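One structure is given here, and the rest of the page talks about it.
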Amino acid sequence: MSDKFIPNYAEAFVRILEVTGCGTQQELAVFFGVKQSSISDAKKRKNIPDSWFLALLRKLSVNPEWF
């Protein structure tokens, strides 16, 4: 799968934090099972990996289209 460029990344990132209940990048990294640097890199690139959307769907039944 390819990573997705999100035009309004900041809004999507806030939604991810809200739906996961995470307050920090470290907590989000634990949720997704990645290193904290992966969260920072995604923010710098304004890019949400497909695997994050799949994790949200599988763990929380969140429709990726919502983001």
Side-chain angles (χ1 to χ4, degrees):
M1 291 187 179
S2 63
D3 292 343
K4 300 289 183 207
F5 173 76
I6 306 299
N8 193 348
Y9 177 86
E11 184 178 318
F13 191 78
V14 167
R15 286 185 176 195
I16 290 171
L17 290 174
E18 288 173 359
V19 76
T20 60
C22 296
T24 66
Q25 288 185 15
Q26 184 59 40
E27 290 173 346
L28 197 58
V30 170
F31 178 86
F32 287 122
V34 298
K35 295 180 182 178
Q36 188 274 328
S37 60
S38 297
I39 306 297
S40 295
D41 291 344
K43 284 184 75 172
K44 287 177 191 172
R45 291 188 315 263
K46 296 183 178 177
N47 189 333
I48 299 175
D50 287 344
S51 61
W52 293 13
F53 289 117
L54 289 174
L56 291 168
L57 178 63
R58 288 180 181 144
K59 292 181 178 187
L60 303 174
S61 299
V62 175
N63 182 346
E65 295 291 325
W66 180 67
F67 294 96

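What you see is a predicted model, and the numbers here were worked out from it, not measured in a lab.
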Per-pair distances, 0.1 Å, donor-acceptor, side chain in residues 52-60, under 3.5 Å, sequence neighbours excluded:
from : atom 1 : to  : atom 2 : distance (Å)
K59  : NZ     : F31 : O      : 2.3

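- When side chains are defined from C-beta on, Y9 counts as touching K43, because their heavy atoms get closer than 4.5 Å.
- Shown here are the side chain to side chain donor-acceptor pair (under 3.5 Å) partners of S40, two or more places apart in sequence or in another chain: Q25, Q36.
- To the nearest 0.5 Å, atoms CZ (F13) and CD1 (I39) are separated by 6.0 Å.
- Listed by chain and residue number, nothing satisfies the salt bridge (charged side-chain N to carboxylate O under 4.0 Å, His left out) test with E27 (two or more places apart in sequence, or in another chain).
- In terms of heavy atoms, T24 sits closest to L17 at O-CD2, 4.5 Å.
- Using a 4.5 Å cut-off between side-chain heavy atoms of Ile, Leu, Val, Met, Phe, Trp and Tyr, with links allowed through other members, V19 and F32 fall into the same hydrophobic cluster.
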